[in-house]
Amino acid sequence: MHLLLLVSTICLLFNCAVSGIPKPEEKRVLDRDVLNHAQHFQNDEHNKQYDHEAFLGEEAKTFDQLEPKESRRRLGIIVDKIDADKDDFVNQAELKAWIQYTQRRYIEDDVGRQWKQHNPNNTDQISWDVYRKNVYGFLDDMDPKDLEQGDEHFSYKSMLSRDRRRWSVADRDGDDRLNKTEFTEFLHPEESLYMRDIVVQETIEDIDKDNDGKVSVEEYIGEMYQAPEENEEEPEWIKQERETFANFRDKNKDGFMNQEEVRDWIIPADFDHAEAEARHLIYEADSDADEKLTKDEIIEKYDLFVGSQATDFGEALTRHDEF
Ligand SMILES: *[C@@H]1O[C@H](CO)[C@@H](O)[C@H](O)[C@H]1NC(C)=O
Ligand SMILES: *[C@@H]1O[C@H](CO)[C@@H](O)[C@H](O)[C@H]1NC(C)=O
């Protein structure tokens, strides 16, 4: 769900819009998605966007642009949709079902869009060659020395080999072509049990800055927090994270997270993200503690659910004009 946000951020970094280079990193950021899942409840103050995207999917971006009044109005319409049994309360089951629906819709839209883009004739399968040409074809025309380590295009080369590897895993029948089911697993491996090992492997590769194949406590912390200036003290929640790493993440106490320990961290057994998110949202907004939400309770906390412009720009400007 963080895809859009991250794609635009990464596009800024890689300058894709300006240079007209295609955007292979659209899928790359999925590992981030997995990490965001894992980290959301560690420090949710820093993750408001997570709540908004879990609740709204792609529409989170639209709401961010709205004035508070309009944001509240549209939220009210959504609340009526979530309240499936029309008893004027949103309970945890209804909220969970909504979050799952949002997630499903987001994935279907994304896969549908990319399927159409890479398979305009709408055949049953996409071959790796066609996909590679569409997404990474521009690499063929480049001077090999521009693809060396350190160059800005080097990252595309490593994305290509990662995609190649992920494609082969998703390609269950080994014909190097993906049908729509397999293509969905390729684009959204975090949704598939079958793809679990490759998700764990890619996550480790992202975090493992010294390439020793395992995650140290510094690498783990580095994913959530930029090292402070000298003399600056680490915030309390980072100290707690260090303890969490030592006491829970690093189960065999060798100072690192290995493959298995990373898997338990990012894909914990028996953990349902939609359910956890529903519980979290209810807990945060339930002012009378009856474990269900009225429309008023939700709208009261609209910034938790949908967000909007922090200040009411339109209104501020109008008032200013009156002076
Ligand atoms: C789609 O069909 C057209 C016409 O049959 C063909 O020329 C083209 O190569 C096909 N495109 C792909 C990607 O297979
Ligand atoms: C794609 O192929 C897999 C087997 O690799 C099969 O289980 C699945 O039903 C197929 N999906 C579609 C949409 O044909």
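Start at 1 and go down the list; that is how both ligands and their atoms are numbered. Residue numbers count from 1 along this sequence.
By the 4.0 Å N-to-carboxylate-O rule, Glu300 lies too far from Lys295 to be salt-bridged with it. Ionic pairing of Arg165 and Glu205 is present here: one or more N-O contacts between side-chain nitrogen and carboxylate oxygen are shorter than 4.0 angstrom. One finds a salt bridge joining Arg132 and Asp140 here, because a Lys/Arg side-chain nitrogen approaches an Asp/Glu carboxylate oxygen to under 4.0 Å.
Tyr283 and Ile82 are members of different hydrophobic clusters when ILVMFWY side chains are connected at heavy-atom separations under 4.5 Å.
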Practice item. Let me see the working for Arg242 and Glu234 under salt bridge (Lys or Arg N to Asp or Glu O under 4.0 Å), right down to the final yes or no. Key: CA-CA 11 Å; Arg242 289 182 186 278; Glu234 274 184 354; 2.7 Å; yes

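Heavy atoms only, all atoms of each residue included: Phe186 and Asp163 are closest at CE1-O, 3.4 Å.
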Give one line per pair: atom of ligand 2, protein atom, distance. Only N/O to N/O under 3.5 Å.
| residue | atom | partner | partner atom | Å |
| --- | --- | --- | --- | --- |
| ligand 2 | 2 (O) | Asn179 | ND2 | 2.3 |
| ligand 2 | 5 (O) | Glu182 | OE2 | 2.9 |
| ligand 2 | 11 (N) | Asn179 | ND2 | 2.9 |
| ligand 2 | 11 (N) | Thr181 | OG1 | 2.7 |
| ligand 2 | 14 (O) | Asn179 | ND2 | 3.4 |

